[in-house]
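Data block below; observations after.
Computation of the quantities below employed the complete heavy-atom set of this structure, encompassing side-chain atoms and omitting hydrogens, waters and symmetry-equivalent molecules. Numbers restart at 1 for each chain; the letters A, B, ... are given by sequence-line order, proteins then strands.
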Amino acid sequence: MDIQEELKSAIQRAVSELYQQESGEVSLQPTKKEFDGLYTFVTFPLTKALRQAPAQIGQAIGNWLVANSEIVSGFNVVQGFLNISIADAAWIEVLNDIAGNPSFGQLASKGKSVMVEFSSPNTNKPLHLGHLRNNFLGDSVSRILAANGYDVVKTCIVNDRGVHICKSMLAYKLFGNDETPEQAGMKGDHLVGKYYVLFDKAYKQQVEEMVGQGMPKEEAEKKAPLMLEVQQMLRLWEQGDPETVSLWRKLNDWVYTGFDATYQSIGVSFDKTYYESNTYVLGKEIVEEGLQKGVFYRKDDGSVWIDLTDQGLDQKLVLRSDGTSVYMTQDLGTTDLKYQDFHNDRQIWVVGNEQDYHFNVLFAILRRLGRPYANNLYHLSYGMVDLPTGKMKSREGTVVDADDLIQETTEAAAMAADDAAKGKLDEFTAAEKASLFHMLGLGALKYYLLKVDPQKRMQFNPAESVDLHGNTGPYIQYVHARIQSILRKATEADIALNGNISDTQLDEIEQQLVFLLSQYPQRVKEAGDDFAPSYLAQYAYELAKTFNQFYDKLPILKETDPVKLQTRLVLAKCIGETIQKAMGLLGIEVPQKM
RNA sequence: GCAUUCGUAGCUCAAUUGGAUAGAGCACCUGACUACGGAUCAGGAGGUUUGGGGUUCGAAUCCCUACGAGUGCACCA
């Protein structure tokens with residue numbers, strides 16, 4: 001039973017019977033805590049059409065509902081707000097429905113597919129905090145879309161070629177002495193990152209020396225021997241020079257091994273990985289096509305452009321005068337390629353907001369080219385992650401490394417367990433403990449990054465991110481463990497959960513909990529519509545918090561009335577399952593014990 | 001300069017998309033049957049939603065404006 005839908009249609013009937021008018025779409029909102037009731041109907045919008053005072057309308061509809069709807073048990077009117085209370089019997093029916101539906105919250109298949117592209121790292125350095133926000137968002141949005149009934153394809157485009165990786169390659173060639181990750185005792189991505197930093201140091205030094213000898217800085221930056229060598233290396237790579245290519249392979253392989261370990265550690269995977277070294281030449285045919293269609297135009301020097309000034313955008317280059325492609329050309333090509341590979345109904349990119357303009361232009365071009373998919377593209381843009389000390393800058397060494405961060409949060413969880421778990425983990429093996437602490441540490445981190453609106457720039461406070469109290473991942477994980485403990489005790493006491501609860505009187509907080517549970521599918525939908533994991537983070541917290549209040553207020557196992565005992569156990573079980581599902585959509589696992 | 005995003009408690013974030021007395025957590029105070037798991041719960045204090053104007057029954061939310069912050073405006077990716 002869907003109480004909300006029934007209420008809506010009941011209100012529509014009320015309006016048409018009482019006033020002989022159509023109310024149109026009825027929208028309900030949760031009642032504020034200080035008032036009685038769980039659903040609120042706002043009557044202000046009806047005042048004009050019905051020519052009555054808001055409170056009068058509320059009274060009339062309220063009376064009608066109590067008289068004509070079985071699910072409505074009472075109401076009160078405050079100004080123009082009609083607060084509606086629902087009968088216990090209806091809540092129990094809802095709870096029985098939820099308890100009997102294993103796929104509660106999984107919405108019906110849409111018969112449509114969506115591609116989510118995220119992560120998309122460069123291969124010259126390890127993943128850092130900013131990447132984590134990206135990965136967590138992309139992974140979570142993929143799960144949310146799947147729960148919304150889409151077939152989801154997760155992709156990653158690895159930027160494995162270009163000047164940046166040549167910098168690491170050159171530094172390795174000059175200073176590396178054939179060092180391997182094993183010898184260095186480092187993950188491959190960290191080792192390659194080390195040489196990237198070394199390059200930058202050596203390069204800066206060269207530039208400084210040249211400036212000291214009187215050369216303007218800009219000129220020195222271009223003419224520094226190291227930079228010239230990097231560019232030569234890139235040319236050699238493009239020509240397929242065997243030595244260069246083999247060095248490139250070696251370093252990239254190390255990086256991939258390192259990335260794989262990180263991805264596995266954070267629980268992220270992809271259905272398909274594209275490599276830019278394979279796709280960077282794509283898009284030139286599209287430029288031809290655009291010229292023929294008159295979407296693009298060629299300048300005298302041979303470069304190709306599109307004029308988007310009528311859309312408030314600029315003129316944009318799509319092909320250089322020497323015939324080589326730019327970023328935009330490649331993205332046109334890969335977008336087409338991805339569509340040819342999977343024919344997804346929608347494509348989503350999880351990319352930082354510094355590329356907002358790029359995606360505006362990309363989508364505009366694809367629309368003008370008449371691509372059939374062009375109206376179903378979406379850039380999930382997210383803000384940067386700042387440190388309390390300011391902005392992260394990789395060259396200044398102020399980045400927070402992803403692997404280090406996960407290790408720190410895991411250690412924090414382990415330390416907290418020492419004084420909090422108090423013997424509950426005694427039967428755990430060392431490996432089980434390690435995996436639990438990883439689950440908790442990662443849960444803290446993911447929750448911390450996902451609970452805020454993606455669009456907003458956010459601040460990362462290391463101390464807060466490992467906090468396990470209050471509005472945090474571990475708080476919610478704790479509630480799940482707590483519920484499992486209760487259910488275990490029930491089993492030990494031979495209390496069977498027969499699932500179907502008979503009518504009984506519910507406490508206010510129990511109603512509140514069933515109400516929250518019943519909201520879950522709608523939250524899943526909203527999170528999918530808005531690509532907003534934060535909705536589910538908040539939902540999980542709200543559910544966990546309300547459960548704790550319930551737990552504190554009412555006995556469960558100590559309850560003597562068998563019907564109430566049964567009701568509370570089923571309620572607890574459903575809350576545990578829903579917490580697990582909601583957290584699962586954030587990519588966060590929940591423990592049986594902690 | 002142009003474009004764009006943002007500005008909410010001391011700090012980090014919410015606010016069901018225009019609804020009621022703007023809510024949580026952290027930090028700070030005060031309390032809770034020797035815990036059905038205290039990684040908890042109850043309470044206190046903390047706000048002119050950056051300032052100013054407008055729209056309307058009603059604005060943190062929409063419009064205008066000033067101020068402040070971020071990002072983008074490469075024949076880089």
Note to self: Roughly how many Å apart are B:G7 and B:C76, using the C1' atom of each and rounding to a whole number?
What the structure shows: 32 Å
Margin query: Taking the nucleotide of RNA chain B with the nearest heavy atom to each, does A:Asp530 or A:Ile556 sit closer to the 5' end?
Written below: A:Asp530
Item checked: hbond_proxy A:Asn83 side chain to B:A20 base (donor-acceptor, 3.5 Å cutoff) -> yes
Note to self: Could you check whether atom CD of A:Glu508 has more than 12 heavy atoms from other residues, nucleotides or ligands sitting under 6.0 Å from it?
What the structure shows: no
Check: Taking O4'-C1'-N9-C4 for purines and O4'-C1'-N1-C2 for pyrimidines, is B:U40 syn (within 90° of 0) or anti?
Finding: anti
Next item on the list: Please give the nucleotide sitting opposite B:U4 as a Watson-Crick or G-U wobble pair, both distances under 3.5 Å, or none.
Entry: B:G70
Check: Within the distance-only criterion (no hydrogens, no angle test), does the side chain of A:Thr324 pair as donor or acceptor with the backbone N or O of A:Arg320 below 3.5 angstrom?
Finding: no
Margin query: Work out how far the C1' atom of B:A59 is from that of B:G52, and round it to whole angstrom.
Written below: 15 Å
Item checked: Worked check of side chain to side chain donor-acceptor pair (under 3.5 Å) between A:Glu526 and A:Tyr539 -> CA-CA 11 Å; A:Glu526 286 163 358; A:Tyr539 175 79; over 6 Å; no
Notebook entry, point to check: So which nucleotide does B:G10 pair with, by the Watson-Crick or G-U wobble rule with both distances under 3.5 Å?
Noted result: B:C26
Note to self: Partner lookup for B:G47, please. Criteria are Watson-Crick or G-U wobble with both distances under 3.5 angstrom; report none if nothing qualifies.
What the structure shows: none
Item checked: Heavy-atom donor-acceptor pair, A:Tyr447 side-chain to B:U12 base, under 3.5 Å -> no
Margin query: Using the side-chain heavy atoms of A:Phe44, tell me which of these nucleotides is nearest: B:C57, B:A39, B:A20.
Written below: B:C57
Checklist line | Aromatic ring of A:Phe35 stacked on base six-ring of B:A20, 5.5 Å, 30° | finding: yes
Margin query: If the test is ring-ring contact (aromatic ring centres under 6.0 Å, His included), which one of A:Phe363, A:Phe531, A:Phe118 qualifies with A:Trp349?
Written below: A:Phe363
Note to self: Does B:A15 have its OP1 or OP2 closer than 4.0 Å to a side-chain nitrogen or oxygen of A:Tyr539?
What the structure shows: no
Checklist line | Upstream residue (5' side of RNA chain B) when A:Ala416 and A:Thr40 are each assigned their closest nucleotide | finding: A:Thr40
Note to self: Between A:Asp200 and A:Lys167, does any NZ, NE, NH1 or NH2 come within less than 4.0 Å of an OD or OE carboxylate oxygen?
What the structure shows: no
Next item on the list: Scan nucleotides 68-77 of chain B nucleotide by nucleotide, 5' to 3', and note B when protein non-hydrogen atoms come under 4.0 Å of the base, S if they reach only the sugar-phosphate, - if neither.
Entry: --SSSS-BSB
Next item on the list: Go through the steps for A:Tyr382 and A:Asn353 under the test side chain to side chain donor-acceptor pair (under 3.5 Å), then give the verdict.
Entry: CA-CA 5 Å; A:Tyr382 63 91; A:Asn353 62 10; over 6 Å; no
Margin query: Using the rule given for side chain to side chain donor-acceptor pair (under 3.5 Å), can you reason through A:Tyr275 versus A:Asn159, listing the C-alpha separation, both sets of side-chain angles and the distance that settles it, and then say yes or no?
Written below: CA-CA 6 Å; A:Tyr275 296 91; A:Asn159 186 3; over 6 Å; no
